[in-house]
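Labels below follow one simple rule: chain letters A, B, ... track the order of the sequence lines, proteins then strands, and each chain is numbered from 1. Not measured: the values here are computed from a predicted model. Heavy-atom basis, side chains included; hydrogens, waters and symmetry copies ignored.
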Amino acid sequence: MSTPLSESVWLNDVDVCQVEYLAEVSGLSIEEIEDLIDTDVIKPVDTGTPMRMFQLRYVVTVKTARRLRDDFELDQRGLALALSLLQRIDELQAEIHATKARLGHPR
Amino acid sequence: MKFKDYYEALGVDRTATLADIKKAYRKLAHKYHPDVSADPESEAKFKDVAEAYATLKNPEKREAYDNLGKHPAGESFTPPPDWQQHFHTGEAGLDDVDLADLFSAFGRSGGGSSGGGHRRQSFPMPGQDYEIAAPVTLEQIHRGDEIELSAELPEYDANGLAHRVPRTFRITIPKSAANGQRLRLAGKGGPGFNGGRPGDLYVSLVLQPHPLYRPDGRDLYLDLPLAPWEAVLGASVHVPTLAGTVELNVKPGTTAGQKLRLAKRGLASADGNVGALYAVVRIEVPKTVSAHEHELLEQLAAASNFNPRKHFA
């Protein structure tokens, strides 16, 4: 479902939004977000329609992108690279967390 | 108002050039930026660094800051009278205003103690986004509880000055919530200026460690301690789950590390599915045994031909 700006919403991986929404809440330009899409930092969901939709959790990603861009004065290429690396770190941390959960508490 | 030593925060001399300030900021930003650093205290450190940089990189703000003189960090001080006149604070004064908020307002309102002549910004400025952390337990997520959050957030007066005021929010946690998930409250952040849209408030869920359960996605893991004879002979044991205690049949010959799956006893996902609870078997051994137990174990050792190390041979 599409999410109007006035709502209070949980940023999950079920509800979706359009690219304009990501630009609106993050302050990034559409061009900057397109660059993140081109580099697979943000992936559209398959809705079976021509309109591209994105999981709402990507709001967190684009807001992080905006912070990194502003705080480190990154250009588009640097921003995409930094976000790809951060995403990889997140995945590795999730794997470590999952492994620890399965192995159990140390005694 | 509490004094903050912005030069100390950046680790530069008061005579530092803009290039020195920028270099120091970049170095510290790489170290403490909350999106980069794993140190939980880095966010507060980065906030100090960014606040110092925001003022010192701007020549007008830096001049106004320098005119305050040098004070020990944290010392209470009274801003010059012309600041109060400039911000039209009247009797309310600037006591409850944070120094960072004051310098932030300089940019919007047009100057400070260093004299007039600053250009008033007229382009639309969106309001600031705020983020607050909400500690939650697995039980609260499982039940989909409503929780109350309190935070001190800036509210702006007619002169554009921020005053920290306590605010309370009630939010309902979805049963599909996960650690780090955020709720966006549109327009609940700082006000926009010159027609800019208001900022948003983000509530970030921080899952508290649980004494029993370890979450992995929607699944939960729980250590299931068994006595050696329970593992060998099998047993019926009571296992706590988020939805209440269940009885679990442990088959004879259960080994340490084996995972016993309890379907739909984990956390719910947004699509309606429910994860599993995995009870991970641990064989616990009594540290001391009675004389009778010792005798029985001796008999078992003599009667058994079980060799757990036969693959060594």
Side-chain angles (χ1 to χ4, degrees), chain A residues 1 3-17 21-28 55-74 78-79 82-83 85-87 89-107, chain B residues 22 25-26 29-30 32-36 38 46 49-50 53 126 129 131 169 171-174 176-188 197 199-205 211-217 219-225 256-257 259 269-272 278 280-282 284:
Chain A
M1 83 191 74
T3 306
L5 275 174
S6 57
E7 278 186 10
S8 299
V9 288
W10 285 98
L11 306 178
N12 57 29
D13 54 7
V14 174
D15 298 311
V16 294
C17 63
Y21 181 84
L22 295 177
E24 171 77 30
V25 298
S26 68
L28 291 178
Q55 292 171 333
L56 268 184
R57 68 182 174 91
Y58 283 130
V59 168
V60 180
T61 309
V62 290
K63 279 182 60 63
T64 302
R66 166 70 189 269
R67 266 199 309 271
L68 290 171
R69 185 198 72 180
D70 293 351
D71 294 341
F72 292 108
E73 298 171 352
L74 296 176
L79 187 59
L83 281 164
L85 293 172
L86 285 177
Q87 215 161 51
I89 291 170
D90 283 346
E91 287 165 6
L92 291 171
Q93 281 179 329
E95 281 179 30
I96 291 169
H97 181 80
T99 306
K100 280 183 176 173
R102 288 185 215 114
L103 288 177
H105 287 131
R107 288 176 185 250
Chain B
K22 197 168 186 174
Y25 165 75
R26 281 187 171 166
H30 276 100
Y32 294 126
H33 197 282
D35 292 320
V36 175
F46 179 72
V49 169
Y53 181 58
D129 289 343
E131 182 161 327
F169 303 91
I171 62 169
T172 302
I173 304 168
S176 59
N179 184 39
Q181 192 170 332
R182 286 166 173 82
L183 173 69
R184 174 176 179 259
L185 298 165
K188 299 289 185 186
R197 71 173 185 89
D200 302 324
L201 175 67
Y202 289 87
V203 178
S204 175
L205 298 183
L212 291 178
Y213 308 114
R214 302 180 298 276
D216 172 20
D219 294 333
L220 296 175
Y221 286 80
L222 161 87
D223 285 342
L224 177 63
K259 295 179 182 70
S269 56
D271 60 7
Y278 290 93
V280 185
V281 172
R282 292 190 172 277
E284 297 287 339

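If you measure heavy-atom distances from B:Ile171 to chain A, the contacts under 4.5 Å come from the side chain alone. With a threshold of 4.5 angstrom between heavy atoms, B:Leu205 approaches chain A through side-chain atoms but not through N, CA, C or O. At a 4.5 Å heavy-atom cutoff, B:Lys188 makes no contact with chain A through either its backbone or its side chain. The part of B:Ile173 that comes within reach of chain A is its backbone (N, CA, C, O), which places non-hydrogen atoms under 4.5 angstrom from that chain. For chain A, the nearby parts of B:Ala29 are the backbone and the side chain; heavy atoms of each come within less than 4.5 Å.
When atom types are taken as modelled, the side chain of B:His30 and the backbone of A:Phe72 share no donor-acceptor pair closer than 3.5 angstrom. B:Arg184 contributes no side-chain N or O that, together with a main-chain N or O of A:Val25, makes up a donor-acceptor pair within less than 3.5 Å.
To the nearest 0.5 Å, the span separating CG on A:Leu56 from CZ on B:Arg182 amounts to 13.5 Å. Atoms CG and OH, on A:Leu11 and B:Tyr202 in that order, are 6.5 Å from each other to the nearest 0.5 Å. Note that CG of A:Asp71 is 10.0 Å distant from OH of B:Tyr53, once rounded to the nearest 0.5 Å.
Of all non-hydrogen atoms in A:Ser8 and B:Ala186, the two that sit nearest each other are OG-N, 4.3 Å. Shown here for B:Pro215 and A:Ala101, the closest heavy-atom pair between the two residues is O-CB, 3.9 Å. Between A:Glu73 and B:Arg26, the closest heavy-atom pair is OE1-NH2, 2.8 Å. Contact detail for B:Arg282 and A:Leu103: the closest heavy-atom pair is NH2-O, 3.2 Å.
Comparing B:Leu183, B:Asp216, B:Asp219 by how many heavy-atom pairs each has under 4.5 Å with chain A, the most go to B:Leu183. Across A:Ala94, A:Ala82, A:Ala98, the residue that shares the most heavy-atom pairs under 4.5 angstrom with chain B is A:Ala98. Most heavy-atom pairs under 4.5 Å with chain B: of the set A:His97, A:Gln93, A:Lys63, this distinction falls to A:Lys63.
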Verdict with reasoning, A:Arg102 to B:Val280, per side-chain contact (heavy atoms from CB on, under 4.5 Å):
CA-CA 8 Å; A:Arg102 288 185 215 114; B:Val280 185; over 6 Å; no

